Structures are given as structure tokens and as C-alpha cells.
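The basis for the numbers below is simple: all heavy atoms, side chains too, and nothing from hydrogens, waters or symmetry mates. Just so it is clear, the structure is predicted and the values come from calculations on it, not from any experiment.
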Amino acid sequence: ILANLPDTFPWKSRIHHFDVIDSTNTRAKKMAAEGAPHGTVLIADQQTGGRGRLGRSFHSPAGRGIYLSVILRPQCHASELMHLTCATGAAMCDAVESACGIRPGIKWTNDLVFQKRKLGGILTELSLDASGNVAYAIIGIGINCNQSAGDFPLDIADIASSLHLCTSQTIDRATVIAAILIALQHMWDTLEDVESTLLRYRQNCITIGQEISLVRGDEIRHGQALDVDESGALVVRFDDGQVQPVQSGEVSIRGMYGYV
């Protein structure tokens, strides 16, 4: 990984590698609370308790994927960081294209997808002080790299893919990790340009324009995704004619992940 990073890369001395870890995000939160500096990077070869959005687990077998977290220390109120997941998603599209020659899309809000299958995901977590200012932010990245079709558990086999399956090539994970870190560092440098960040996210978001369903508990609503607003919320015109921003819940796209 270090050999693939430029000598001037500012986080180069803050990279920590683990053979096995419960979750890079969980460990990063602990390290951040103990004072780990901005730009601290955690990379694991295997996770035993990888976490995804909405409390889901993230399948993290040894030697097959990228499991990475970065500690950031923005000096701002939480309301100024609503676009962090969007910024990270656009950066991950850049990184994968740079390293592998294919450009994934983003299924709102945080799935990396290619040819209607999930390649990976993003998990951003914030710690706030009593005034709502950000003490630290954790960005977690999980990407399937060298899995073959038979490597995925049955419950995700129909929706998951890997960079290997998409490119028919063996993926050098160190090259992809370096591209991810470079893209994240560039994202950090341009994070204050919210308008440009959200424009890039919209350009890569495959959910916009699609028929969707929104699941919240026992409630299911159907509609069309129109846009992503300045807070990163998905703007949906529901079948009853209401147009509303969606900031939480599970959004499915017709024709993907088994939703018909």
C-alpha cells in the first residue's frame, strides 16, 4: 500500500494494518475517542463483526475484500457535514475507476453497485459534543474484491458482486486501497465545496429517476426518486402525489436486489 502512495501523501505515517479485527469502524471510534489524529487509517484483512447501514452485518472474509476506516476531525457543526456520505460515495467511484477501469454507480445512499449488483458500501459515523459540533467523523469502506460467485453467503448471493467478477481480473487490493486513500484525501480537501460535491454525487447516483419503494418498519411506500437535495436526502414523488425528502429508511429500486 505504501509503495502505491506518493511520498507527499499526508496520512502515510498514520496507517494501521490488522490481520483480523472485529470492525475497523468500531476500532476507529475507540482510537478517535483516545485522541488518534486526523487522517488515521485502519485496514483489516478480515473482519469478524463488520457493520453496515441499519445495523446490518458486512461479510468480510480474509483475503477477499477491502475493509478500511479513516478518522477525520472536521472543525464544524454536524449540520455542515450532512453531505459527507455523498462526498465519500463520489470519491469511491473515482477510486475504483482509477484502479480497476470500471466506474460503479451509487445506490442511494451508500451502496456501490455495478450492473445492478452490490460491490460494497459506506458507513459514516459522527461523534458530537454537547453543542452539536463534530468531535470526529469515521468513514468506513467495504468493497468486495476477489470473491468468485460461490464465495458469497446464500442470503446475499443474488445481489452481491466483486471487482473480480466485474473485470474478470485478479484484483491487487493494495492498488485499490491506495486509490481509495488518495480519493478520500482529495475529498477532504474539497469537502467545503458542497455544491460541487452534491453535483458529482447526483451524476453517479443510479437511484435518481428510478421507481422505488421505501420501507420504514411495517410501512411500505412507492414512488419515483427525483433528486438528491442539499442535505443528501433523496427527494421522492410518492404515488399519492406528495413530494418529500427521504433521509432514513430502506430504499429499493425496481429491478435491483430482488425488488420487482
Quiz item: Between R117 and D158, does at least one N-O distance fall below 4.0 Å, as a salt bridge requires?
Solution: no
Quiz prompt | Salt-bridge contact D227-R202 (side-chain N to carboxylate O under 4.0 Å) | solution = yes
Does [atom1] in [X] sit with more than 12 non-hydrogen atoms of other residues, nucleotides or ligands closer than 6.0 Å?
X: Q203; atom1: CD; answer: yes
X: H186; atom1: NE2; answer: no
X: E195; atom1: CD; answer: no
X: R237; atom1: CZ; answer: no

Side chains of [X] and [Y], donor plus acceptor under 3.5 Å:
X: N25; Y: E125; result: yes
X: Q115; Y: S161; result: no
X: R27; Y: Q47; result: no

Do the side chain of [X] and the main chain of [Y] share a donor and acceptor less than 3.5 angstrom apart?
X: K118; Y: I156; result: no
X: N146; Y: I171; result: yes
X: T88; Y: L84; result: yes
X: R73; Y: A135; result: yes
X: S131; Y: N133; result: no
X: T207; Y: W108; result: yes

Practice problem: Would you sort out whether I182 and I180 count as a side chain to side chain contact (heavy atoms under 4.5 Å, CB included), showing the intermediate values? | Solution: CA-CA 5 Å; I182 290 169; I180 287 172; over 6 Å; no
Practice problem: Flag the pair I208 / I206 as yes when at least one side-chain heavy-atom distance between them is below 4.5 Å, and no otherwise. | Solution: no
Practice problem: Start with the C-alpha distance between T109 and L234, add both sets of side-chain angles, then the distance that settles side chain to side chain contact (heavy atoms under 4.5 Å, CB included), and finish with yes or no. | Solution: CA-CA 8 Å; T109 175; L234 186 68; over 6 Å; no
Self-check item: For E97, all residues meeting salt bridge (Lys or Arg N to Asp or Glu O under 4.0 Å), sequence neighbours excluded
Solution: R103
Practice problem: Check the pair S162 / H164 against side-chain hydrogen bond (donor to acceptor under 3.5 Å, both in side chains), numbers first and verdict last. | Solution: CA-CA 5 Å; S162 68; H164 166 66; 5.9 Å; no
Quiz item: What residues form a ring pair (Phe, Tyr, Trp, His ring centres under 6.0 Å) with H38, not counting sequence neighbours?
Solution: W11, W188
